[in-house]
Number of protein chains: 2
Amino acid sequence: MTEQPRIPLSRRRVLRAAVALADRDGLGSLTMRRLAQEVGVEAMSLYHHVANKEAVFDGIVEVILGEIMAAVEHAEAPPPERDWQAALRAQILAARDVFLRHRWAPQVLESRSTTSPLVIAYYDHVVAVLRAGGFSYDLAHRALHVLGSRALGFTQELFTPDSAQPGEAGAGNGAADAGGHTAADAGAAELMEQMADQFPNLAGMLAEAVHNDPDGTLGFCDDQFEFEFALDLILEGLERRRTAGH
Amino acid sequence: MTEQPRIPLSRRRVLRAAVALADRDGLGSLTMRRLAQEVGVEAMSLYHHVANKEAVFDGIVEVILGEIMAAVEHAEAPPPERDWQAALRAQILAARDVFLRHRWAPQVLESRSTTSPLVIAYYDHVVAVLRAGGFSYDLAHRALHVLGSRALGFTQELFTPDSAQPGEAGAGNGAADAGGHTAADAGAAELMEQMADQFPNLAGMLAEAVHNDPDGTLGFCDDQFEFEFALDLILEGLERRRTAGH
DNA sequence: ACCTGAACACCGTTCAAGT
DNA sequence: ACCTGAACACCGTTCAAGT
């Protein structure tokens with residue numbers, strides 16, 4: 001409609017449209033029919049450029065990892081021989097920026113059963129940094145396990161002590177909307193008390209955090225701050241083991 | 001067929017069947033129709049006991065978290081006031097055992113958009129242990145972020161430097177089976193060389209690990225060992241920050 | 001109260017047919 | 001070579017009807 005279908009379809013164009021669609025409407029909206037519609041074609045035409053839907057997921061993982069590789073290359077960091085911690089830290093935070101632009105990407109990445117060669121290449125690069133920093137292969141191997149997905153710049157949070165995050169979350173046919181219209185008004189304090197009964201320790205944690213931050217400019221959980229705190233703790237622990245000669 | 005449908009259906013029985021089905025055939029086989037078949041009923045009958053499929057997923061998360069709570073309560077651990085590291089370590093490893101029995105559980109847990117009250121209760125207990133160990137609320141909060149899902153006993157591995165894991169992995173209509181019949185014989189060494197070219201650092205890591213373990217009784221990645229190494233590194237890092245008075 | 005059959009609105013995917 | 005329409009085999013779910 002809005003543009004004439006001049007350029008012929010290609011695998012690349014399909015995958016870029018898939019990424020854009022997931023960015024805009026969430027992963028649940030990424031169906032073959034919707035994707036076809038997005039590139040102005042019938043669903044079955046997609047199969048000339050991708051084998052099936054699994055291949056689409058593999059493809060968008062490739063796209064995201066391409067962005068990560070580019071971001072890592074352009075990151076400003078000291079040579080790892082001089083300061084491996086600063087070098088790895090800069091690389092990981094650069095990778096993290098990509099995931100902040102594509103919030104659905106961790107979920108897709110974790111859903112892949114066979115590891116993408118680009119993921120392997122990324123971890124190969126991490127090992128290169130560690131080796132340059134004086135790690136044995138053994139400790140480098142262990143470091144990969146300790147870092148886990150954090151090496152790529154994200155952690156899947158099971159539990160955010162923040163207020164409930166709104167918005168769509170998955171495939172979601174809108175449900176679970178009943179009886180929530182008192183949450184913002186008088187119900188807030190009541191809910192707080194209820195939580196204090198059931199989860200006294202978390203409630204205490206929450207109460208103190210609110211107290212410490214009266215201006216409320218920062219959220220209770222500043223994810224970026226927490227991510228860096230955790231990352232530094234791990235890097236420091238690894239350095240300690242390295243100098244201990246593991 | 002094999003047993004008469006004596007006892008009437010119940011939410012509890014539906015959820016236990018769902019867990020058993022996921023254990024046996026994988027998460028991809030968990031459809032409303034298959035589940036109904038499993039309890040000897042038509043698919044539509046399930047809707048008298050669960051609201052919809054999302055409710056089934058929420059339900060089996062409840063079941064697993066119930067198992068975890070029970071396992072944690074029966075774990076042998078010193079009182080956290082005396083040794084918080086040993087106490088938390090024992091709790092986390094007990095929780096981990098449950099996930100080792102239900103390999104699909106992490107994926108379901110991470111797919112939930114609203115955090116289960118049982119997950120909150122679990123993390124409340126973690127904070128209790130930390131508080132007893134002398135943590136400020138602030139540092140306890142940070143500890144939750146550092147631990148992430150590791151507090152529950154699992155880490156989602158993006159990349160296992162092991163040999164490719166076989167078997168089913170998801171919804172999987174069997175695909176990607178072409179041209180793999182030389183993997184076990186002469187192809188292995190060839191593949192090794194190919195990897196050495198593309199991923200020199202990982203290849204070096206792999207080569208040394210094989211050399212260090214000539215008997216081959218242990219895999220390259222002993223996950224339990226790695227999990228405990230990472231956990232101890234983190235616990236140690238947290239203790240260091242605690243005594244530093246954060 | 002609990003279960004059912006038929007039907008609806010979606011999926012991913014195959015196949016024979018168009019240009 | 002690339003795209004299409006109709007069809008198939010699955011989903012989750014609704015609804016009116018059975019006992």
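For the numbers below, each heavy atom of this structure counts, side chains included, while hydrogens, waters and symmetry mates do not. Numbered from 1 within each chain, the chains take letters A, B, ... in sequence-line order.
Heavy atoms of B:S45 sit under 4.0 angstrom from at least one base atom. The residue B:M44 sits close to a base: some heavy atom pair falls under 4.0 Å.
Rounded to whole angstrom, the span from the CG atom of B:L30 across to the C1' atom of D:dC10 amounts to 16 Å. Separating the CZ atom of A:R13 from the P atom of D:dC2 is a distance of 13 Å, rounded to the nearest angstrom. Taking atom CE on B:M32 and atom P on D:dC11, their separation rounds to 12 Å, with Å as the unit. Atom C1' of nucleotide C:dT13 and atom NZ of A:K53 are separated by 12 Å, given to the nearest angstrom. Rounded to an integer number of Å, the gap from B:Q37 CD to C:dT4 C1' is 16 Å. The distance from atom OH of B:Y47 to atom C1' of D:dT14 is 9 Å, rounded to the nearest whole Å. To the nearest angstrom, P of D:dC15 lies 19 Å from CD of B:E42. Put simply, CG on A:L46 is 13 Å from P on C:dT14, counting in whole angstrom units.
Separating the NE2 atom in A:H145 from the CZ atom in B:F227 is a distance of 12.5 Å, to the nearest 0.5 Å.
A 4.5 Å side-chain heavy-atom check between A:D124 and A:I120 finds every atom pair outside the cut-off.
In DNA chain D, runs of at least 3 consecutive Watson-Crick or G-U pairs, each pair with both distances below 3.5 Å, span C:4-8 with D:12-16, C:12-16 with D:4-8.
Across all their heavy atoms, A:A95 and A:L152 have their closest contact at CB-O, 3.3 Å. Shown here for A:L30 and A:K53, the closest heavy-atom pair between the two residues is O-NZ, 3.0 Å. Closest heavy-atom contact between A:S149 and A:F154: OG-O, 2.8 Å. B:R34 approaches B:D25 most closely through the heavy-atom pair NH2-OD2, 2.6 Å.
Closest to the side chain of A:H48, out of C:dG5, C:dG12, D:dC3, is D:dC3. Each of D:dG12, D:dC3, C:dC11 was ranked by its minimum atom distance to the side chain of A:T31; first place goes to C:dC11. Between C:dC3, D:dT13, D:dA7, one nucleotide has an atom nearer to the side chain of A:R33 than all others, and that is D:dA7.
Applying the 4.0 Å criterion to OP1 and OP2 of D:dC3, one finds that A:H49 has a side-chain N or O inside that range.
For residues 90-108 of chain A, the pairs satisfying salt bridge (charged side-chain N to carboxylate O under 4.0 Å, His left out) are A:E67-A:R101, with sequence neighbours left out.
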